[in-house]
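I have placed the structure first, in the form of structure tokens, so that the comments after it can refer back to it.
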Number of protein chains: 2
Amino acid sequence: MSEEKYLQNYKKTLFESPLLTVDAVLFTYHQGDLKVLLIERSNHPEKGKWALPGGFVDEKKDRSLEDTVIRILKQKTSVEPPYIEQLYTFGGPDRDKRGWSVTISYTALIAHQACRSHIETVSNVDWMNVARAEKMELAFDHQQILYRARERLRQKALYSIVPAYALPETFTLPELQRVHEVIIGKPLQKKSFRRRIEQANLLIDTGEKRSEGGRPAALYRMREKSGDYTFVRNLEQ
Amino acid sequence: MSEEKYLQNYKKTLFESPLLTVDAVLFTYHQGDLKVLLIERSNHPEKGKWALPGGFVDEKKDRSLEDTVIRILKQKTSVEPPYIEQLYTFGGPDRDKRGWSVTISYTALIAHQACRSHIETVSNVDWMNVARAEKMELAFDHQQILYRARERLRQKALYSIVPAYALPETFTLPELQRVHEVIIGKPLQKKSFRRRIEQANLLIDTGEKRSEGGRPAALYRMREKSGDYTFVRNLEQ
DNA sequence: TTAATAGTGTCTTTTAGACACTATGGG
DNA sequence: CCCATAGTGTCTAAAAGACACTATTAA
């Protein structure tokens with residue numbers, strides 16, 4: 001049989017296949033806390049429980065899995081987050097009551113203000129303190145997904161400046177350090193933190209300053225691709 | 001409607017869903033080269049091309065995606081590799097001619113001798129030099145998957161001793177260093193390499209020695225969980 | 001001037017790089 | 001004894017930790 005003939009006769013639906021979803025762990029930083037976006041489920045299964053934003057691949061619209069997660073997050077927040085990274089794919093017979101299922105999970109970061117107004121208008125979507133969310137009973141295995149995203153973000157905070165994507169486009173170094181400290185869970189040496197960022201030339205000084213009751217701090221913006229940079233040495237663990 | 005009623009009425013096959021597969025990039029080290037396990041496809045689609053070992057989730061047998069990849073690799077090699085790690089999930093409308101598809105890919109490592117005899121008996125399964133495989137036209141997007149696995153392994157070689165799983169259970173430090181050098185693609189400082197492994201106490205001295213034309217080298221085995229250990233500082237990049 | 005926060009100088013510590021040295025076995 | 005390979009000593013270099021110091025603003 002030729003390949004053409006094979007493909008003509010091939011019917012995907014003939015084979016039983018796990019249920020496939022895409023979920024996102026969207027973090028932000030606001031008022032000293034790391035927060036995660038949760039949705040209160042209005043449909044079965046797991047109706048009424050809080051869950052990570054997620055959904056199905058739309059074979060018509062989506063050209064990639066990243067398209068899917070971006071589409072889902074835009075639905076919930078009205079904006080596209082500046083940082084998205086695939087986290088892990090979870091699969092098993094029991095994680096969803098509908099049967100053997102697989103979810104491709106993503107970690108994303110966004111500035112709180114970028115989607116605040118939109119989220120405030122919707123009742124079943126909300127930012128929740130990560131510490132609190134981790135203790136809650138979330139839908140499906142979303143607690144496990146959140147935990148893994150949290151751990152990965154903690155690692156990234158030790159060897160990259162990816163956490164900067166949880167801040168607005170311009171930010172000060174003390175602000176960025178605070179985000180890292182919240183994620184890592186312990187204070188960092190100011191000098192070490194600043195030295196490595198300066199040496200790697202990851203930020204652009206906007207020339208502006210912002211005052212918070214003391215000496216005004218310089219406002220920076222990320223240089224292109226700075227999220228990809230990894231320091232060769234971790235901060236103290 | 002109650003959740004029970006919802007679940008009774010739910011039919012997975014009613015919704016179009018991407019084709020789901022699991023693929024493995026199984027590396028080994030043999031005679032100075034990094035090798036990857038490839039299969040010559042005997043069925044459509046992509047019949048006749050070389051591909052990574054892969055297959056479908058078996059909803060009856062598999063309790064997790066890792067079960068799936070282990071089952072697939074056991075079919076091809078007769079043994080279960082000592083190191084398996086999820087790599088990345090690829091998805092899109094064009095990567096498989098049968099339609100929108102998703103593959104969850106894994107990286108695995110095994111000693112060459114552990115499955116040599118079995119592989120030699122099968123005609124369409126073979127170890128191939130990674131450098132050569134990367135230049136070949138593989139089935140589906142397997143070239144891209146291989147490339148990504150190769151990159152991840154290179155990174156791991158800089159901050160872990162994961163490459164040790166490509167060697168037999170006992171090995172010498174010069175052997176391990178050679179594996180790292182092949183993966184990284186450049187020579188390493190003997191002293192630096194040994195010092196960090198000793199300091200982190202990752203290996204157990206078996207007391208045995210092995211001679212290769214000069215002073216005999218001590219034989220080590222990995223300590224439990226040594227594959228999870230990450231050095232805080234990378235080797236030179 | 002003081003309080004508060006931003007930012008720097010500089011010494012110490014840690015860990016990798018470089019490379020020469022010693023050690024151990026086989027012919 | 002010589003060759004080959006294994007393994008060590010030790011100085012240098014790079015980058016983080018510690019912490020005190022200076023700088024800049026508002027009240």
Side-chain angles (χ1 to χ4, degrees), chain A residues 31-32 155-161 164 167 170-181 184-221 229-237, chain B residues 31-32 155-161 164 167 170-181 184-221 229-237:
Chain A
Q31 296 184 330
Q155 286 308 310
K156 293 243 169 199
L158 295 172
Y159 62 75
S160 81
I161 58 164
L167 290 174
T170 65
F171 52 85
T172 68
L173 281 176
E175 275 169 352
L176 181 56
Q177 185 175 338
R178 261 171 260 138
V179 178
H180 278 253
E181 287 172 338
I184 294 168
K186 51 171 84 168
L188 296 173
Q189 288 288 338
K190 183 167 50 168
K191 184 69 193 201
S192 306
F193 187 76
R194 303 173 73 106
R195 189 167 36 197
R196 65 199 327 234
I197 289 174
E198 179 173 34
Q199 276 196 5
N201 191 225
L202 298 178
L203 302 180
I204 298 163
D205 189 336
T206 64
E208 318 263 300
K209 309 250 173 207
R210 173 188 297 160
S211 186
E212 296 210 47
R215 171 175 173 178
L219 276 166
Y220 294 89
R221 97 177 59 251
Y229 185 85
T230 57
F231 298 99
V232 294
R233 191 165 158 184
N234 284 9
L235 289 176
E236 199 174 56
Q237 296 174 322
Chain B
Q31 296 184 329
Q155 287 309 309
K156 293 244 168 198
L158 294 172
Y159 62 73
S160 81
I161 57 164
L167 291 173
T170 65
F171 52 85
T172 68
L173 281 176
E175 275 170 352
L176 181 56
Q177 186 175 338
R178 261 171 260 138
V179 178
H180 278 252
E181 287 172 338
I184 294 169
K186 50 172 85 169
L188 296 172
Q189 288 288 338
K190 183 166 51 168
K191 184 68 191 200
S192 306
F193 186 76
R194 304 174 73 107
R195 190 168 34 199
R196 66 201 323 235
I197 289 173
E198 179 172 37
Q199 276 195 6
N201 191 224
L202 297 178
L203 302 180
I204 298 163
D205 189 335
T206 64
E208 318 264 300
K209 309 249 172 204
R210 174 189 297 159
S211 187
E212 297 211 47
R215 171 174 172 179
L219 276 166
Y220 294 89
R221 94 177 61 252
Y229 185 86
T230 57
F231 299 99
V232 293
R233 191 165 159 187
N234 283 10
L235 289 176
E236 200 173 56
Q237 295 173 323

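By convention in this document, chain letters (A, B, ...) are assigned in the order of the sequence lines, proteins followed by strands, and residues within each chain are numbered from 1. These figures come from a predicted structure and were not determined experimentally.
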What's the verdict on side-chain contact (heavy atoms from CB on, under 4.5 Å) for Leu235(A) and Arg196(A), showing C-alpha distance, side-chain angles and the deciding distance? CA-CA 10 Å; Leu235(A) 289 176; Arg196(A) 65 199 327 234; 3.3 Å; yes

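Distance, Leu188(A) CG to dA15(D) C1': 15 Å, rounded to whole Å. As rounded to whole Å, 18 Å separates atom P of dA16(C) from atom CZ of Phe231(A). Regarding Lys186(A), its NZ atom lies at a distance of 10 Å from the P atom of dA18(D), rounded to whole Å. Here the C1' atom of nucleotide dT8(C) and the CZ atom of Phe193(A) are 16 Å apart, to the nearest Å. Look at CG on Leu173(A): it is 9 Å from C1' on dG7(C), rounded to the nearest Å. Note: NZ (Lys190(B)) to P (dA20(C)) measures 12 Å, nearest angstrom. Rounded to a whole Å, the CG atom of Asn234(A) is 12 Å from the P atom of dT15(C). A straight line from CD of Gln199(B) to C1' of dG9(D) spans 14 Å, rounded to a whole angstrom.
Side-chain proximity of Pro216(B) to dG17(C), dA6(D), dT24(C): nearest is dT24(C). When each of dC19(C), dG17(D), dA15(D) is scored by its nearest atom to the side-chain atoms of Gln189(B), the top-ranked nucleotide is dC19(C). The nucleotide whose nearest atom lies closest to any side-chain atom of Arg233(A) is, among dT8(D), dA6(C), dA16(D), dA16(D). Picking from dA15(D), dA6(C), dG7(D) the nucleotide with the shortest atom distance to the side chain of Arg178(A) gives dA6(C). Among dA15(D), dG7(C), dG17(C), the nucleotide with an atom closest to any side-chain atom of Pro174(A) is dG7(C).
Residue-to-nucleotide contacts include a donor-acceptor pair under 3.5 Å from the side chain of Arg215(A) to the base of dA23(D). You'll find a donor-acceptor pair under 3.5 Å spanning the side chain of Lys191(B) and the base of dG9(D), going by distance alone.
As judged by a 4.0 angstrom heavy-atom cut-off over every strand, Arg196(B) is placed among residues touching the sugar-phosphate backbone only. In this structure, Glu212(A) reaches the sugar-phosphate backbone alone: every heavy-atom distance under 4.0 Å involves primed, P, OP1 or OP2 atoms, never a base.
Each of Arg195(A) and Leu219(A) lies near DNA chain C, and the nucleotide nearest Leu219(A) is the one positioned closer to the 5' end. Each of Gly213(A) and Lys209(A) has a nearest nucleotide on DNA chain C; the 5'-most of these lies closest to Gly213(A).
Residues Tyr229(A) and Asn201(A) form no side-chain contact, since every pair of their non-hydrogen atoms from C-beta on lies 4.5 Å or further apart. The side-chain heavy atoms of Leu167(B) and Tyr220(B), taken from C-beta on, include no pair separated by under 4.5 Å.
Taking only side-chain nitrogens and oxygens, Ser192(A) comes nearer than 4.0 Å to OP1 or OP2 of dG17(D).
Of the charged side-chain nitrogens involved, none lies within less than 4.0 Å of a carboxylate oxygen, so that Lys186(B) and Glu236(B) do not count as a salt-bridged pair.
Rounding to the nearest 0.5 Å places NE2 of His180(A) at 12.0 Å from NZ of Lys156(A).
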